[in-house]
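Okay, so here's the structure we're looking at.
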Amino acid sequence: MNVTLTYHPTAKQKLFHESTADEVLYGGAAGGGKSYAICWDAFIRCMKYKGTKAYLFRRTFPELEQTLIAKMLEIVPGTLGRYVGDKHEMRFVNGSVAKFCYCNNEGTDLMQYQGAEIDWLYFDELTHFSQHMYEFIRTRLRTEKSKGITPCCRCASNPGGPGHGWVKQMFVDATGIGKRESIREVKDERTGKKERRTIAYIPATVYDNPYINSSYIFELQQKPKALREALLYGKWDAFEGQAFPEFVNDPEHYVDGVHTHVIAPFEIPLNWPRYVSFDHGYSRPFSFGVWAVDPEGRVYRYKELYGCVAGEANVGIKVTPGEIGRMLAGLMEPEYREGIHAYGIADPAIWDQSRGPSVEEQIRSAYSGVTFRKGDNTRIAGKMQMHERLKFGEDGKPMMYVFSTCDAFIRTVPALCYDAHNVEDIDTSGEDHVYDETRYFLMSRPIAPREREKPKRRVYDPLS
């Protein structure tokens with residue numbers, strides 16, 4: 001049987017197919033041929049290695065129908081494979097199978113893949129998935145030795161979505177935006193054995209795809225700035241739906257603090273009031289922010305304590321409130337030595353006593369150096385306070401600064417996006433713990449709306 005396949009991959013798609021890394025992310029911008037590359041990659045691997053299974057994921061089944069299933073039907077000749085609709089799978093003539101899967105939650109949807117054995121794993125629009133979903137499904141990536149293959153994971157995505165932060169950290173930041181491969185170490189919880197996995201990121205934009213017509217590029221160029229930079233150039237620091245696009249991290253202005261919210265650390269004057277904000281978590285991270293307030297009412301986040309598993313976004317370290325209290329004591333030891341008292345503001349939920357001693361009581365029993373009071377948990381008002389604090393004044397300075405050492409704030413807050421069902425609020429499925437405790441603190445010191453920085457008016461000088 002002679003079958004002619006017509007596929008001329010772009011240079012970036014070719015890199016995607018040829019990569020030997022264990023985990024690869026492709027794309028970053030619209031029009032780079034991401035879904036097309038995923039389908040061709042799965043098709044090629046399934047045909048090359050008989051009897052293998054490819055699992056292709058989107059967040060919802062309608063998305064599968066509109067993208068991966070439609071594209072696979074387009075590229076696979078009827079002589080090589082047939083689509084079985086009730087099973088949502090493409091069955092190839094050599095016994096290989098491509099299964100089209102969705103996972104819309106971390107409960108029943110995720111558990112249905114608990115017994116799966118996956119040879120080739122694909123995620124389209126990876127930022128729509130949580131890291132827990134990705135890591136759990138990836139544990140099903142296993143094969144029989146007799147097949148003589150090395151299982152791999154291949155993904156594609158644009159910036160944005162609830163998983164933006166962890167995807168950016170794992171694939172984009174860790175590889176220097178695709179300049180090198182990254183290595184991460186994972187541990188088998190049952191055997192204790194450690195393995196090293198290689199990670200690659202292949203950035204591709206519409207300009208890397210010669211098959212895209214100019215009208216599509218023109219349409220992308222007309223989008224609002226944040227959307228344009230994400231979809232046209234694949235920039236991960238600006239994306240559609242970003243909750244705080246005004247946040248600026250400019251190392252060139254760390255010293256003068258002009259037009260940046262992140263600044264270089266300095267010694268806080270002893271007479272500036274201090275505050276500690278707290279958001280509790282166990283399976284999700286807990287977060288402490290330590291703040292100082294200058295005579296003008298400007299606030300400075302000068303240190304923090306974030307209870308997150310290293311390298312795993314939005315995964316808590318699972319310690320008791322008493323242990324958290326002892327960690328807080330270590331965080332505030334410098335202030336204690338100087339005789340500085342800090343005021344505490346926390347989520348009202350930590351005073352709940354319905355299941356025994358409250359979280360607040362347990363923390364206070366371990367460390368009484370900070371007395372917490374209930375924060376104002378009004379979500380939209382708190383979000384507006386964040387926006388007000390981030391505004392740059394006429395002098396180019398905001399009313400909130402963050403020390404460059406506060407990694408958790410700098411990593412998670414810019415990655416927050418809006419809730420698709422409540423467009424005025426933050427998507428709470430994202431890593432919002434630093435934001436929440438920041439919100440409690442800002443609501444304890446609300447400021448009135450102020451004018452944004454205005455461009456200076458040019459005065460006509462007839463002698464110039």
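Residue numbers run from 1 in the order of the sequence given.
Atom CD in E18 sits 9.5 Å away from atom CD1 in I202 (nearest 0.5 Å). One finds the CD atom of E185 at 4.5 Å from the NZ atom of K194 (value rounded to the nearest 0.5 Å). The CG atom of L442 sits 9.0 Å away from the OH atom of Y435 when rounded to the nearest 0.5 Å. In this structure, the separation between CD on Q169 and NE2 on H164 is 11.0 Å, given to the nearest 0.5 Å. M133 CE to Y113 OH: the interatomic distance, rounded to the nearest 0.5 Å, is 10.5 Å. A distance of 11.0 Å separates CZ in F286 from CG in D279, rounded to the nearest 0.5 Å.
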Next on the checklist: Run the side chain to side chain contact (heavy atoms under 4.5 Å, CB included) test on V413 and V434 for me, step by step, so that the C-alpha distance in whole Å, both residues' side-chain angles and the decisive distance to 0.1 Å come before the verdict.
Outcome noted: CA-CA 7 Å; V413 171; V434 171; 4.1 Å; yes
Item to check | Full working for side chain to side chain contact (heavy atoms under 4.5 Å, CB included) between C406 and Y306 | outcome: CA-CA 9 Å; C406 294; Y306 195 55; over 6 Å; no
Checklist entry - Taking it one step at a time, do I324 and F278 satisfy side chain to side chain contact (heavy atoms under 4.5 Å, CB included)? => result CA-CA 11 Å; I324 291 175; F278 174 54; 4.3 Å; yes
Checklist entry - Could you walk me through whether F244 and L390 pass the side chain to side chain contact (heavy atoms under 4.5 Å, CB included) check? => result CA-CA 9 Å; F244 300 104; L390 292 175; 4.0 Å; yes
Next on the checklist: Set out, in order, the CA-CA distance, both residues' side-chain angles and the distance that settles side-chain hydrogen bond (donor to acceptor under 3.5 Å, both in side chains) for E106 and S130, then state yes or no.
Outcome noted: CA-CA 8 Å; E106 295 184 358; S130 69; 2.6 Å; yes
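For the pair W120 and C153, the minimum side-chain heavy-atom distance is 4.5 Å or more. Considering only heavy atoms from C-beta on, F171 comes within 4.5 Å of L126 through its side chain. Using a 4.5 Å heavy-atom threshold, the side chains of L25 and F16 count as separate. Using a 4.5 Å heavy-atom cutoff, the side chains of F61 and N104 are not in contact. Here the side chains of N158 and T127 are not in contact, with every heavy-atom distance at 4.5 Å or above. When side chains are defined from C-beta on, F136 counts as touching Q114, because their heavy atoms get closer than 4.5 Å. Looking only at side-chain heavy atoms (C-beta outward), L56 and C101 stay at 4.5 Å or farther from each other. The side-chain heavy atoms of H128 and E63, taken from C-beta on, include a pair separated by under 4.5 Å.
The two residues A200 and E181 come nearest to each other via the heavy atoms CB-CG, 4.2 Å. Pairing each heavy atom of A313 with each of Q131, the nearest pair is N-OE1, 2.5 Å. Of all heavy-atom pairs between L305 and L328, the closest is CD2-N, 4.2 Å. Nearest approach of A156 to K34, heavy atoms of both residues: CB-CB, 3.6 Å. Closest approach of P159 and W236 over heavy atoms only: CA-CZ3, 3.8 Å. A98 and M72 make their closest contact through CB-CE, 4.3 Å (heavy atoms, listed as atom of the first residue, atom of the second, distance).
In summary, the side chains of D124 and S35 do present a donor paired with an acceptor at a separation below 3.5 Å, with no hydrogens or angles considered. Side-chain contact check for Y254 and N249: at least one donor-acceptor pair (N or O, by modelled atom type) lies under 3.5 Å. Side chains of H433 and D436: no donor on one and acceptor on the other come within 3.5 Å. Between K383 and H387, the side chains place a donor N or O and an acceptor N or O closer than 3.5 Å (distance only, hydrogens not considered). No side-chain donor from either of T175 and S182 sits under 3.5 Å from a side-chain acceptor of the other. Counting only N and O atoms by type, the side chains of Y26 and H17 include no donor and acceptor under 3.5 Å apart. A donor-acceptor contact closer than 3.5 angstrom is absent between the side chains of Y401 and W291. Donor-acceptor pairing under 3.5 Å is lacking for the side chains of N314 and H132.
Checked against F57 for a side chain to side chain contact (heavy atoms under 4.5 Å, CB included), the options Y122, F129, Y102 give a single hit: F129. The ring-ring contact (aromatic ring centres under 6.0 Å, His included) test with H261 singles out one residue from F403, F392, F409, and that residue is F392. Only one option out of E304, R301, E437 pairs with S277 in a side chain to side chain donor-acceptor pair (under 3.5 Å); it is E437. With respect to R379, the salt bridge (Lys or Arg N to Asp or Glu O under 4.0 Å) criterion is satisfied by exactly one of D427, D419, D425: D425.
Side-chain atoms of D109 never come within 3.5 Å of backbone atoms of Q112 as a donor-acceptor pair (strictly under, hydrogens ignored). Judged purely by atom type and a 3.5 angstrom limit, R439 has no side-chain atom pairing as donor or acceptor with the backbone of G382. Judged by distance alone, the side chain of R298 and the main-chain N or O of P398 form a donor-acceptor pair under 3.5 Å. Under the 3.5 Å distance criterion, the side-chain polar atoms of R59 are matched with a main-chain donor or acceptor of C103. The backbone N or O of K53 lies less than 3.5 Å from no partner atom in the side chain of K99, so there is not a single donor-acceptor pair. Judged purely by atom type and a 3.5 angstrom limit, S96 uses its side chain to pair as donor or acceptor with the backbone of T52.
When the shell of 6.0 Å around CZ of R142 is examined, it contains more than 12 heavy atoms from other residues, nucleotides or ligands. Around atom CD1 of I177, no more than 12 heavy atoms belonging to other residues, nucleotides or ligands sit under 6.0 Å away. Within a 6.0 Å radius of CD in E424, other residues, nucleotides and ligands contribute 12 heavy atoms or fewer. Within a 6.0 Å radius of CD in E252, other residues, nucleotides and ligands contribute 12 heavy atoms or fewer.
Ionic pairing of D119 and K147 is present here: one or more N-O contacts between side-chain nitrogen and carboxylate oxygen are shorter than 4.0 angstrom. Under the 4.0 Å criterion applied to side-chain N and carboxylate O atoms, E431 and R284 are not assigned as salt-bridge partners. Ion pairing of K168 with D237 is present here, as a side-chain N (NZ or NE/NH1/NH2) and a carboxylate O approach within less than 4.0 Å.
Looking at residues two or more places apart in sequence or on another chain, you find a side chain to side chain donor-acceptor pair (under 3.5 Å) between T320 and E323. Residues passing the salt bridge (charged side-chain N to carboxylate O under 4.0 Å, His left out) test with E135, sequence neighbours excluded: R184. For D250, there are no side chain to side chain donor-acceptor pair (under 3.5 Å) partners at least two apart in sequence or on another chain.
Ring geometry for F43 versus W40: interplanar angle of 30 to 60°, hence tilted. Aromatic ring orientation, Y83 versus F100: perpendicular (interplanar angle above 60°, classes split at 30° and 60°).
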